Amino acid sequence: MSKNGSISASVIKRLPRYYRLLGELKNQGIDRISSRELSQRMRLTASQIRQDLNCFGGFGQQGFGYHVDELRSEIGKILGVDRGFRTIVIGAGNLGRAIATHINFDTRGCRLIGIFDSNKDLTGVKVGELRVRHADELEGFCRRYRPTVAVLCIPKASTQQIADTLVSMGVRAFWNFSHYDLSISYDGIIVENVHLGDSLLTLTYGVNVMMPADGTETEEEQ
Ligand code: NAI
């Protein structure tokens, strides 16, 4: 952690990548890495790596590089991977089910304890280890289990109302997949808006620059 206890947003954005790479190295039985190699693998300059890691204490040793496990565990502490924040998913449609079953919450600081949907037909349906609860149970559940994190996989129109309820029930953070931008509404609540479509547009920007339009893209496949 930096001396003033805060880390810049751009460094925080890179930390999960460091953490993932160090985990892969650890799994390969590698216990130290030079800053040059780390920078090659991260596709960052060695000085950028040093600056990033100096934000929370350095860990590098001249001529030795970095202890993979030590660095990974320090970054893990900063990311809160062992905290097990109680987490609920709202919306058990295609996306909610995919997220509940394919994301390993346990290794990312969260513990999935409930999944809710307003569609009665889904009540009781098994999603991974959990059964879908009806949205009517949400308030009682929150009062009892005090979830900290909510993953929003519901349509835009329902998002504000659900988020208001959840904030009033003590939820402090939203992983928001609905296409409704929550960050404008709450002070002191962490919001991570996710738009897979934006990621695709970043890709198409790159392809657009690399391959100038020649009119063939819209032709029908034969
Ligand atoms: P879906 O229609 O399969 O599932 C939505 C579920 O939300 C339904 O089961 C519905 O009953 C439930 N629901 C609606 N209002 C609710 C409420 N107030 N409380 C609890 N449950 C409620 O849709 P899908 O494909 O799962 O997508 C969910 C949302 O995520 C959509 O709005 C979609 O646009 C968005 N989306 C966002 C992506 C992103 O990258 N941010 C990617 C894919 C989808």
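Values in this document were obtained by computation on a predicted structure and should not be read as measured data. First listed ligand is number 1; within each ligand, the first listed atom is number 1. When reading the values below, keep in mind they use all heavy atoms of this one structure, side chains included, and skip hydrogens, waters and symmetry mates.
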What are the polar N/O contacts of ligand 1 with the protein below 3.5 Å, with distances?
unit_1   : atom_1 : unit_2 : atom_2 : d
ligand 1 : 3 (O)  : Asn94  : N      : 3.0
ligand 1 : 3 (O)  : Asn94  : ND2    : 3.3
ligand 1 : 9 (O)  : Asp117 : OD1    : 3.3
ligand 1 : 9 (O)  : Asp117 : OD2    : 2.6
ligand 1 : 11 (O) : Asp117 : OD1    : 2.6
ligand 1 : 15 (N) : Ser158 : OG     : 3.2
ligand 1 : 21 (N) : Ser118 : N      : 3.2
ligand 1 : 26 (O) : Asn94  : N      : 3.1
ligand 1 : 26 (O) : Leu95  : N      : 2.7
ligand 1 : 32 (O) : Ile154 : O      : 3.4
ligand 1 : 40 (O) : Leu196 : N      : 2.6
ligand 1 : 41 (N) : Phe177 : O      : 2.8
ligand 1 : 41 (N) : Val194 : O      : 2.6

Return all side-chain donor-acceptor pairs below 3.5 angstrom for residues 34-43, not counting sequence neighbours, or 'none' if the list is empty.
unit_1 : atom_1 : unit_2 : atom_2 : d
Ser34  : OG     : Glu37  : N      : 3.0
Ser39  : OG     : Ser35  : O      : 3.4
Ser39  : OG     : Arg36  : O      : 2.8

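- Ring to ring, Phe141 and Phe116 are close: their centroids are under 6.0 angstrom apart.
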With a 3.5 Å cut-off and sequence neighbours excluded, list the donor-acceptor pairs that the side chains of residues 165-177 form with protein atoms.
unit_1 : atom_1 : unit_2 : atom_2 : d
Thr165 : OG1    : Gln161 : O      : 3.0
Ser168 : OG     : Thr165 : O      : 2.7
Arg172 : NH2    : Gly188 : O      : 3.0
Asn176 : OD1    : Ser178 : N      : 3.1
Asn176 : OD1    : Ser178 : OG     : 2.8
Asn176 : ND2    : Tyr180 : O      : 2.6
Asn176 : ND2    : Asn193 : OD1    : 2.8

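- Within the structure, no pair that satisfies the side-chain hydrogen bond (donor to acceptor under 3.5 Å, both in side chains) test touches residues 111-131, not counting sequence neighbours.
- At distances below 3.5 Å, at least one donor-acceptor pair connects side-chain atoms of His134 with backbone N or O atoms of Asp136.
- Within a 6.0 Å radius of CG in Asp106, other residues, nucleotides and ligands contribute more than 12 heavy atoms.
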